[in-house]
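Keep in mind that this is a model prediction, so the values were computed, not measured.
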Amino acid sequence: MAGSRLEPRVNGMDAAFGDDFAGGECTLSERHTEQVLEAVKSAITAGGEHRLFRSGKLAGLFPSKAGVSAEAALFALQAGLIETVRTETRGKIITEWVQATPRAVAFVHQHDSPKSVLKELKGVLDATRAGIPGWMDEARAELARLSTTFEERANAVLGQLNELTGRVEAALRRAEAKAPTVADVMNKVVPWALAALEYLDRRTTSGAVGDCPMPELFHAIRVKQPELTLTAFQDGVRRLHDVCAVRLQPSSTMAEPEYAIVVEGQMMYAVNR
């Protein structure tokens, strides 16, 4: 850096700047002064030792070993604002570690003018202002995500409540409904009449759609009355229909027509309550 060596000069003062930098201002350019000021402020604020120059991702007080940064670093060392505390040698690479001196405090006090403070404040304000739109977008996205999640969970809970409400109402209807009854005389003629009526009621409360086909009712009764014949079943259902205990219904399709019952000239293939 021989070609760009800066002598630390202050108007009417020697290289030591005196003890408090009184009596004048540094002859450094504004760019050099800003770099020196930023570096010594970082050293004072963080305390301890620091790399003199940045190296890759490793932090340093000055960003580069060339140009303005190198000249500013040389000035800070020669002015006694920072001092070398140790060096590391790896091959041909020498790394200097420095720390701030008491002179750095006086330098910052003298040169950290209202202008520089305002410039730093402006930088903070600009960065904050630039970041607000992004923050607002992130906030909106987060609110939208929370709203969607809330609606999905609320709809799921409402769905469960609706299903449970339907089950409770059906249970209440079953609990409040009177057990199917038939006259004693009819019960003697059709001994399985009560079983038939109970099955039809349970089928309805279970959510079955449409009338009960005759084959289904026959096989349901046969579970408890295995000796029941198809002829006896058809005769018994016709008697229950006659006393209005059940209602026989025609059907457009009859998978097993042998179960059908002829009533008033119509083929009845289904039954309901």
Side-chain angles (χ1 to χ4, degrees), residues 1-139 142:
M1 295 189 294
S4 59
R5 179 183 179 87
L6 293 183
E7 294 296 334
R9 297 174 57 84
V10 175
N11 295 340
M13 302 180 67
D14 61 14
F17 284 92
D19 290 335
D20 58 2
F21 298 96
E25 294 185 356
C26 178
T27 59
L28 288 173
S29 69
E30 183 176 352
R31 290 181 62 194
H32 289 90
T33 303
E34 288 180 354
Q35 286 218 12
V36 173
L37 186 60
E38 182 179 351
V40 296
K41 283 175 64 176
S42 297
I44 293 171
T45 302
E49 58 183 33
H50 309 268
R51 287 176 177 268
L52 180 59
F53 295 106
R54 184 179 304 155
S55 177
K57 294 183 179 180
L58 300 176
L61 295 182
F62 296 91
S64 172
K65 292 184 178 181
V68 174
S69 295
E71 294 166 356
L74 176 60
F75 178 87
L77 286 167
Q78 291 185 340
L81 306 180
I82 55 177
E83 61 183 3
T84 302
V85 292
R86 64 187 176 91
T87 60
E88 292 180 358
T89 303
R90 293 186 179 180
K92 296 182 180 181
I93 300 176
I94 299 176
T95 302
E96 291 184 77
W97 292 81
V98 298
Q99 64 182 11
T101 68
R103 291 176 180 270
V105 176
F107 183 86
V108 171
H109 177 73
Q110 179 177 333
H111 292 82
D112 201 11
S113 63
K115 179 181 177 181
S116 64
V117 173
L118 290 174
K119 287 180 65 177
E120 183 177 347
L121 176 60
K122 182 178 182 300
V124 173
L125 291 175
D126 289 344
T128 302
R129 183 178 59 184
I132 286 178
W135 173 81
M136 292 178 65
D137 290 341
E138 291 179 1
E142 181 66 14

> Looking only at heavy atoms, what is the nearest atom pair of Ser64 and Ser69, with distance?
Replying inline: O-CB, 3.1 Å

>> Taking salt bridge (Lys or Arg N to Asp or Glu O under 4.0 Å) as the definition, give me every residue that meets it alongside Glu88, ordered by chain and number, with sequence neighbours left out.
In response: Arg86

> Do any N or O atoms from the side chain of Ser42 and from the backbone of Glu38 form a donor-acceptor pair under 3.5 angstrom?
Replying inline: yes

>> Nearest 0.5 angstrom please: Arg51 CZ to Trp97 CH2, how far?
In response: 4.5 Å

> Thr101 side chain to Gly80 main-chain N or O, any donor-acceptor pair under 3.5 Å?
Replying inline: yes

> Closest approach of Ala72 and Gln35, non-hydrogen atoms and distance?
Replying inline: CB-CB, 3.9 Å

> Hey, is the main chain of Val98 close enough, under 3.5 Å, to the side chain of Thr84 for a donor-acceptor pair?
Replying inline: no

>> Looking at every heavy atom in both Ala76 and Val36, which two are closest together, and how far apart are they?
In response: CB-CG1, 4.4 Å

>> If the condition is salt bridge (Lys or Arg N to Asp or Glu O under 4.0 Å), which residues does Glu83 pass it with, not counting sequence neighbours?
In response: none

> At what distance, to the nearest 0.5 angstrom, does CZ of Phe62 lie from CD1 of Ile82?
Replying inline: 5.0 Å

> Out of curiosity, Thr89 OG1 to Glu96 CD, how far, rounded to the nearest 0.5 Å?
Replying inline: 10.0 Å

>> Given 3.5 Å as the limit, does a donor-acceptor pair link the side chain of Ser29 with the main chain of His32, or not?
In response: yes

>> Rounded at 0.5 Å granularity, tell me how far CG in Leu37 sits from CG in Leu81.
In response: 10.0 Å

>> Counting only heavy atoms not in Glu49 (residues, nucleotides, ligands), do more than 12 fall under 6.0 Å from its CD?
In response: yes

>> With a 6.0 Å cut-off (strictly less than), is the heavy-atom count around CD1 of Ile93, excluding the residue itself, greater than 12?
In response: no

> Among all residues two or more places apart in sequence or in another chain, which pass the side-chain hydrogen bond (donor to acceptor under 3.5 Å, both in side chains) test with Asp137?
Replying inline: Arg140

